Amino acid sequence: MNDVVIGIDASTTAVKAIAFTRNGKELFQAREAYPLSNPQPGHFEQDAEHWWTALLGALKQVTEAIGAARVAAICIAHQRETFTLIDHAGKPLIPAILWLDERARPQVARLSAALGRETIRDWSGKPPDPTPALYAVRWLAEHQPKALEDAAALVDVHGFFVHRLTGRLVTSTASADPLGLLDIKNGTWHPELVAAAGLRPDQLPQLVAPGAICGGLGERVARLIGLKAGTPVVAGAGDGQAMGLGMGVYGEGKSYLSLGSGVVSGCYSHGLTTSDAFRTLVSPTGSGFMLETVLRSGMQLVDWIVRTTGSPSAAALEKAATEIAAGSEGLLVLPYWAGVMSPYWDGAARGAIVGLSLDHEPKHLFRAVLEGIAFEQAIASEAMETQATETQAGGKPAAMIAAGGGTNCALLMQIMASVLERPLSVSPVNEAAALGAAMLAASAIGWFASPDMAAEAMAAPPTRHVDPVDGLVPAYRARKAIYRDLYQATRDIHVRLGEVGQV
């Protein structure tokens, strides 16, 4: 029958395997979780074998539910920057080091000094920061040199899965790119970045474009999960890029906003541009680039407020906060509870609450947090979209598509639209990364002529729209101008506090 494709999303906490039809309808979803290890402060690891067990379990559930004869192809989206080392048999040699890991901050400083901070950014598209694997690999070269020397290959999650599924050491450019080792201009491994990490060129997988067929499912694996041997395994993308594709953002004129634990936004850029204001990534369609901003503290900060204030629920706080006027009666929040990536790339940065008085209550703090998230996003979008406009004829994106748990907070959506001064469309897709992978699979097997056409056909239309509130726009515009100065006003304080804490 071959009327279904399986999109896989291997996130930080679980593998989800989802069967989609040609029109993007979800037929069946299976989820298999795995643990996260934090063996010491700043170290975050996983056992790659846990990924594999979860993948097999999820794929087997989907196959049993819909039937092997229906599956035309599978494709993988995954947690980005995470990697492990494998031997020639594909066995992991070390615990996988996750994108959350911060052990390599000294290596960030040293490589930035040796190669030049802007040089690294312009080569890789990524301003120096512990998130790309480049620096953690260098940490291995200094702390576990034998493991790095003995490794047959360094693999991202996508490369690990493709090797296990097909026997081929292949990964997608849109999967490998977040590692920070890619020459983003040419879509090849960058020899100087590879050398700086302490790797040999022969330790890296073959690169293919997203949407290419990496190989066919091996007979032994096919028997384990019940699929047909030879089922095409299609090159996917990192979860951030795949998520944008799944939300229908694949070309000029649109941007996406994911309101999850963190806040991730992105837009398409026809030409290559790099900046500290965003990260530049290989587009999941294989054409052009995606510009991306990340705020680490999103809805997890909302959860923190609820816990810390002892409130019964976020819904209760939200209801109370709707009674508060724009500006939260003089409160301003810098939402850097987990540090800041774009545009400052400052691991020492921390959150700040400015303007507290004895009259303030938890409802004021709740609203101020939502406003701080919106101010941060507005400044990030402005910088990102201005750069994108310079590379394309289509101009500044007019449409912004939002998804994630934060879209269920009506007050946040109202504030966000008013601060951004644009309407927001809300996507009904809960598993956009898996759907983006399914779109690449559908294109690869010829259902559609291109990933763009697959996205056009399979993306679900928005379920609702949120317009700016005219009465809020001027007040928020004035406060945004003050918010712009808040990081610079507190930067040195956070550095000094960090130094005192290390004594």
Side-chain angles (χ1 to χ4, degrees), residues 257 259 261-263 265 277 293-309 311 314 317-383 406 409-422 424 468-498:
L257 176 64
L259 296 167
S261 297
V263 178
S265 66
T293 67
V294 180
L295 173 62
R296 287 178 177 267
S297 301
M299 300 314 292
Q300 66 174 342
L301 181 51
V302 172
D303 294 339
W304 181 87
I305 292 293
V306 174
R307 293 195 312 271
T308 303
T309 59
S311 301
L317 269 182
E318 180 185 357
K319 182 178 179 181
T322 58
E323 304 168 0
I324 307 300
S328 304
E329 297 185 14
L331 276 189
L332 199 59
V333 168
L334 187 68
Y336 294 168
W337 265 241
V340 60
M341 293 175 64
S342 54
Y344 305 118
W345 307 99
D346 183 356
R350 289 294 179 266
I353 303 171
V354 177
L356 277 169
S357 75
L358 294 173
D359 295 324
H360 287 122
E361 301 174 28
K363 61 185 179 181
H364 296 89
L365 185 57
F366 184 86
R367 184 174 186 119
V369 163
L370 301 186
E371 290 172 342
I373 291 171
F375 290 142
E376 184 69 19
Q377 185 57 52
I379 292 168
S381 292
E382 180 182 312
C409 178
L411 181 58
L412 173 60
M413 294 300 290
Q414 180 191 84
I415 291 170
M416 187 69 75
S418 301
V419 172
L420 290 170
E421 299 186 33
R422 71 170 76 181
L424 298 175
V469 178
D470 291 339
L472 297 182
V473 170
Y476 280 140
R477 193 180 294 161
R479 283 167 174 79
K480 184 175 71 175
I482 299 171
Y483 177 86
R484 285 182 184 273
D485 296 332
L486 192 52
Y487 166 74
Q488 298 297 341
T490 59
R491 182 185 62 179
D492 290 345
I493 296 295
H494 292 137
V495 171
R496 289 165 61 191
L497 281 173

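Because the structure is a prediction, the values reported are computed rather than measured.
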Hey, does the side chain of [X] reach the backbone of [Y] with a donor-acceptor pair shorter than 3.5 angstrom?
{"X": "Gln300", "Y": "Gly262", "answer": "no"}
{"X": "Thr322", "Y": "Lys319", "answer": "yes"}
{"X": "Ser381", "Y": "Ala378", "answer": "no"}
{"X": "Ser418", "Y": "Leu472", "answer": "no"}

I'd like to check [X] versus [Y] (side-chain heavy atoms, cut-off strictly below 4.5 Å). Are they in contact?
{"X": "Leu295", "Y": "Gln377", "result": "no"}
{"X": "Ile353", "Y": "Leu365", "result": "yes"}
{"X": "Leu332", "Y": "Phe375", "result": "yes"}
{"X": "Cys409", "Y": "Leu370", "result": "yes"}
{"X": "Pro343", "Y": "Glu376", "result": "yes"}
{"X": "Val333", "Y": "Tyr483", "result": "no"}

Counterpart residues, ring pair (Phe, Tyr, Trp, His ring centres under 6.0 Å), relative to [X] (two or more places apart):
{"X": "His494", "answer": "none"}
{"X": "Tyr336", "answer": "none"}
{"X": "Trp337", "answer": "Trp304"}

State, to 0.1 Å, how close [X] and [Y] come at their nearest heavy-atom pair, and which atoms those are.
{"X": "Ala277", "Y": "Ala383", "result": "CB-CB, 3.6 Å"}
{"X": "Pro468", "Y": "Val473", "result": "CB-CG2, 4.2 Å"}
{"X": "Ala348", "Y": "Val495", "result": "CB-CG2, 4.3 Å"}
{"X": "Leu301", "Y": "Pro335", "result": "CD2-CB, 3.7 Å"}

With [X], which residues qualify under side chain to side chain donor-acceptor pair (under 3.5 Å), at least two apart?
{"X": "Thr293", "answer": "Ser265"}
{"X": "Arg479", "answer": "none"}
{"X": "Ser311", "answer": "Thr309"}

- Message: Test side-chain contact (heavy atoms from CB on, under 4.5 Å) on Ile305 and Leu317; report intermediate values, then the result.
- Response: CA-CA 9 Å; Ile305 292 293; Leu317 269 182; 4.0 Å; yes
- prompt: Which residue pairs pass the salt bridge (Lys or Arg N to Asp or Glu O under 4.0 Å) test when at least one of the two sits in residues 329-341, sequence neighbours left out?
  reply: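 Sorted pair list comes back empty.
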Where at least one partner belongs to residues 344-364, residue pairs that pass salt bridge (Lys or Arg N to Asp or Glu O under 4.0 Å), sequence neighbours excluded: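 Passing the test, one end in residues 344-364: Glu323-Lys363.
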| field | Residues in salt bridge (Lys or Arg N to Asp or Glu O under 4.0 Å) contact with Arg484, at least two apart in sequence or another chain | value |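 Listed in chain order: Glu382.
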Can you list the residues that meet the salt bridge (Lys or Arg N to Asp or Glu O under 4.0 Å) rule with Glu421, with sequence neighbours excluded?
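By the salt bridge (Lys or Arg N to Asp or Glu O under 4.0 Å) rule, Glu421 matches Arg477.
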*asked:* Taking side-chain contact (heavy atoms from CB on, under 4.5 Å) as the definition, give me every residue that meets it alongside Met413, ordered by chain and number, with sequence neighbours left out.
replied: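 Once residues adjacent in sequence are excluded, the partners of Met413 under the side-chain contact (heavy atoms from CB on, under 4.5 Å) criterion are Leu259, Ala402, Thr407, Leu424, Val426, Val466.
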For this session: Not counting sequence neighbours, which residues clear side-chain contact (heavy atoms from CB on, under 4.5 Å) with Ser328? List them please.
Result: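 In terms of side-chain contact (heavy atoms from CB on, under 4.5 Å), with neighbours along the sequence ignored, Ser328 is linked to Leu331, Arg367, Ala368, Glu371.
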May I ask you to decide if the ring planes of Tyr487 and Tyr344 are parallel, tilted or perpendicular, using 30° and 60° as cut-offs?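 Rings of Tyr487 and Tyr344: parallel, as their planes differ by under 30°.
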